Novice: 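Handing you a structure now.
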Amino acid sequence: FIAFCKHTGIDATFILGPYNQRFMANSRPESVAPFKETTDRIRAILEAEGVTYVDATDISNTSGAFNDYQHHSSYGAYLIYQKLKPLVK
């Protein structure tokens, strides 16, 4: 996808979103490390490719950021919005 954007001149901004770390730690603790590793690998690709991205992974362990195991709550959406707001002109 990054190569396609570069090839076609699309100036994309990628979002490295949060994962529900609190849920995983309580229900399947063994799944936290693989999610963190995958997120780290994606971040490394974004940095190596020199693309603009917003890192919202610090929200992963925020209480109230998710409605359930997967979906952001209004609060979680607000936290992500706060990270995106400076990019909107």
Side-chain angles (χ1 to χ4, degrees):
F1 190 74
I2 293 170
F4 174 79
C5 289
K6 287 182 175 183
H7 177 74
T8 57
I10 296 171
D11 185 20
T13 298
F14 297 87
I15 301 172
L16 190 52
Y19 54 91
N20 196 340
Q21 184 178 347
R22 297 174 73 83
F23 175 82
M24 287 188 283
N26 288 324
S27 63
R28 296 188 64 206
E30 70 280 3
S31 65
V32 174
F35 264 83
K36 183 176 178 344
E37 290 168 12
T38 300
T39 301
D40 291 343
R41 291 172 62 190
I42 294 169
R43 185 182 300 103
I45 292 168
L46 296 170
E47 290 175 0
E49 291 292 331
V51 297
T52 303
Y53 72 98
V54 175
D55 190 346
T57 59
D58 61 332
I59 298 170
S60 298
N61 199 32
T62 302
S63 180
F66 289 85
N67 281 332
D68 55 26
Y69 67 95
Q70 180 178 357
H71 300 95
H72 304 122
S73 65
S74 295
Y75 177 59
Y78 172 77
L79 294 174
I80 295 168
Y81 159 76
Q82 289 296 316
K83 292 181 173 294
L84 296 174
K85 187 178 176 182
L87 299 174
V88 179
K89 298 177 171 84

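In this text, all values refer to a predicted model and were calculated from it rather than measured experimentally.
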Novice: Specify the closest pair of heavy atoms between Gln82 and Pro86, including all atoms of both residues, with the distance to one decimal.
Specialist: O-CD, 3.3 Å
Novice: Rounded to the nearest 0.5 Å, what separates atom CG in Asp55 from atom CG in Leu46?
Specialist: 9.0 Å
Novice: Measure the CZ-CZ distance between Phe35 and Arg28 for me, rounded to the nearest 0.5 Å.
Specialist: 9.0 Å
Novice: Answer yes or no: is there a side-chain heavy-atom contact under 4.5 Å between Lys83 and Asp58?
Specialist: yes
Novice: Do Leu87 and Tyr78 sit in one hydrophobic cluster, given that two such residues count as connected whenever their side-chain heavy atoms are within less than 4.5 Å of each other, even indirectly?
Specialist: yes
Novice: State the OH-CG distance between Tyr81 and Leu84, to the nearest 0.5 angstrom.
Specialist: 9.5 Å
Novice: For the residue pair Ala25 and Val32, what are the closest heavy atoms and their distance?
Specialist: N-CG2, 3.8 Å
Novice: For residues 14-24, which side-chain donor-acceptor pairs fall under 3.5 Å, sequence neighbours excluded?
Specialist:
| from | atom 1 | to | atom 2 | distance (Å) |
| --- | --- | --- | --- | --- |
| Asn20 | OD1 | Phe23 | N | 3.1 |
| Asn20 | ND2 | Asp68 | O | 2.8 |
| Arg22 | NH1 | Asn61 | O | 3.2 |

Novice: Check side chain to side chain contact (heavy atoms under 4.5 Å, CB included) between Glu49 and all other residues, then give those that pass, not counting sequence neighbours.
Specialist: Ile2, Lys6, Ile45, Val51
